[in-house]
Visitor: 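Below are the structure tokens for one structure; questions will follow.
When a residue number appears, it is its place in the shown sequence, counting from 1. As the structure is a prediction and not an experimental result, all values here were calculated from the model.
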Amino acid sequence: VSRDRSFEHYAKLLSEMTKQKAKASRNKYALSDQSKILFREKDGLVSYFGKHDVGKITSGNVREYLLFFDKRRDKPLAMSTKSKQCGVMRQVLMLALEDGVIDIIPPMPKQRTVDKPRVSFSDAEYGLLLGAARKIADAGETSVRGVPVTREHYNVIVSAVHSFLRPTETELFGIRYCDIQLMDSD
């Protein structure tokens with residue numbers, strides 16, 4: 001296969017494009033997640049499809065890859081993980097399509113996902129959490145990892161719940177003062 005038609009060529013191109021986008025984006029995990037899927041040493045997409053001609057990759061090849069991927073593990077991968085694999089595969093093939101090397105992207109095997117909503121507090125449990133947080137903060141005797149628990153911790157809980165922000169590094173803890181706009185009106 002000529003180098004410019006190989007899967008590896010387009011995978012590296014996608015990786016470079018993602019690096020450029022990651023510099024401008026706040027999502028620092030997008031590049032590492034994609035790189036793991038593409039370049040994992042023994043069962044990444046490039047190690048499996050690297051020398052393949054992008055024009056000869058079929059849905060059957062992708063299905064075989066997913067089976068190969070599962071066989072290398074003690075228990076089968078979650079459907080969402082397989083779906084991510086197919087998504088990155090599709091992105092690589094999209095670049096080949098844009099370059100006119102292929103005419104159509106083969107349909108990716110469907111991954112049946114079961115919706116598993118996150119656990120949440122009931123109203124009673126949330127009230128209990130707020131009451132306990134207020135009580136501990138007002139007592140001023142408790143420290144966690146050397147940091148005294150104060151009313152600010154209580155306020156963070158209330159703010160996160162009422163704004164629907166997840167308590168993660170990129171959402172709740174990613175907010176800075178410059179992200180807040182003060183309004184003059186009600």
Side-chain angles (χ1 to χ4, degrees), residues 10-40 44-46 77-100 104-105 107-186:
Y10 285 101
K12 287 179 180 176
L13 186 62
L14 176 66
S15 182
E16 285 301 314
M17 289 172 58
T18 306
K19 277 181 193 170
Q20 294 303 318
K21 286 180 188 174
K23 288 179 184 176
S25 171
R26 294 178 114 189
N27 188 357
K28 64 183 180 184
Y29 301 111
L31 178 63
S32 66
D33 290 349
Q34 186 187 73
S35 291
K36 285 176 192 170
I37 291 170
L38 284 172
F39 302 112
R40 197 175 315 108
L45 287 169
V46 170
L77 290 167
M79 291 298 171
S80 61
T81 305
K82 290 179 183 178
S83 182
K84 286 178 190 173
Q85 301 285 325
C86 290
V88 173
M89 176 76 159
R90 188 170 173 71
Q91 288 175 326
V92 171
L93 294 176
M94 181 60 79
L95 290 177
L97 179 71
E98 289 171 357
D99 278 358
I104 190 168
I105 296 175
M108 294 294 127
K110 296 277 185 240
Q111 304 302 320
R112 305 245 185 265
T113 55
V114 178
D115 189 26
K116 295 179 185 173
R118 289 184 173 89
V119 293
S120 60
F121 289 119
S122 67
D123 287 341
E125 292 168 330
Y126 178 56
L128 188 63
L129 170 69
L130 290 180
R134 254 191 323 266
K135 183 178 165 188
I136 291 170
D138 291 343
E141 299 170 1
T142 306
S143 291
V144 177
R145 296 185 192 140
V147 177
V149 177
T150 65
R151 270 292 180 136
E152 282 188 5
H153 294 95
Y154 168 82
N155 291 336
V156 165
I157 294 169
V158 172
S159 176
V161 170
H162 293 262
S163 63
F164 298 99
L165 286 172
R166 293 182 182 151
T168 62
E169 188 177 334
T170 55
E171 284 192 34
L172 180 62
F173 298 107
I175 293 177
R176 301 286 174 250
Y177 180 75
C178 62
D179 297 330
I180 300 169
Q181 289 182 349
L182 298 176
M183 306 300 282
D184 292 334
S185 64
D186 291 343

Visitor: Closest approach of Val46 and Ala11, non-hydrogen atoms and distance?
Guide: CG2-CB, 3.5 Å
Visitor: Can you list the steps and then say if Val92 with Leu45 is a side chain to side chain contact (heavy atoms under 4.5 Å, CB included)?
Guide: CA-CA 10 Å; Val92 171; Leu45 287 169; 5.7 Å; no
Visitor: Does the pair Tyr154 and Lys135 meet the rule for a side chain to side chain contact (heavy atoms under 4.5 Å, CB included), with working shown?
Guide: CA-CA 10 Å; Tyr154 168 82; Lys135 183 178 165 188; over 6 Å; no
Visitor: Please report the closest heavy-atom contact between Met79 and Arg112, naming both atoms and the distance.
Guide: CG-O, 2.9 Å
Visitor: Quick check for you: to the nearest 0.5 Å, what is the distance between Lys12 atom NZ and Leu95 atom CG?
Guide: 14.5 Å
Visitor: Can Val161 and Leu130 be said to form a side chain to side chain contact (heavy atoms under 4.5 Å, CB included), step by step?
Guide: CA-CA 11 Å; Val161 170; Leu130 290 180; over 6 Å; no
Visitor: For the CG atom of Leu77 and the CD atom of Gln85, what is their distance to the nearest 0.5 Å?
Guide: 7.5 Å
Visitor: What distance separates Leu93 CG from Met108 CE, expressed to the nearest 0.5 Å?
Guide: 5.0 Å
Visitor: Counting only heavy atoms from other residues, nucleotides and ligands, does the tally under 6.0 Å from CD of Glu152 exceed 12?
Guide: no
Visitor: I'd like to know whether Asp33 forms a side chain to side chain contact (heavy atoms under 4.5 Å, CB included) with Val88, so could you lay out the CA-CA distance, the side-chain angles of the two residues, the decisive distance to 0.1 Å, and finally the verdict.
Guide: CA-CA 10 Å; Asp33 290 349; Val88 173; over 6 Å; no
Visitor: Compare every heavy atom of Ile104 with every heavy atom of Leu97, then report the nearest pair and how far apart it is.
Guide: CD1-N, 3.8 Å
Visitor: Between the side chain of Ser159 and the main-chain N/O of Asn155, is any donor-acceptor distance below 3.5 Å?
Guide: no
Visitor: Counting heavy atoms not belonging to Arg166, are there more than 12 under 6.0 Å from its CZ?
Guide: no
Visitor: Quick one: CZ on Arg151 to CD1 on Ile136, what's the gap to the nearest 0.5 Å?
Guide: 12.0 Å
Visitor: Specify the closest pair of heavy atoms between Leu14 and Gln91, including all atoms of both residues, with the distance to one decimal.
Guide: CD2-CB, 3.7 Å
Visitor: Testing the basics here: between Gln34 and Ser15, what is the closest heavy-atom pair and its distance to 0.1 Å?
Guide: OE1-CA, 3.9 Å
Visitor: Could you tell me which non-hydrogen atom of Val158 sits nearest to which non-hydrogen atom of Tyr126, and how far apart they are?
Guide: CA-OH, 4.0 Å
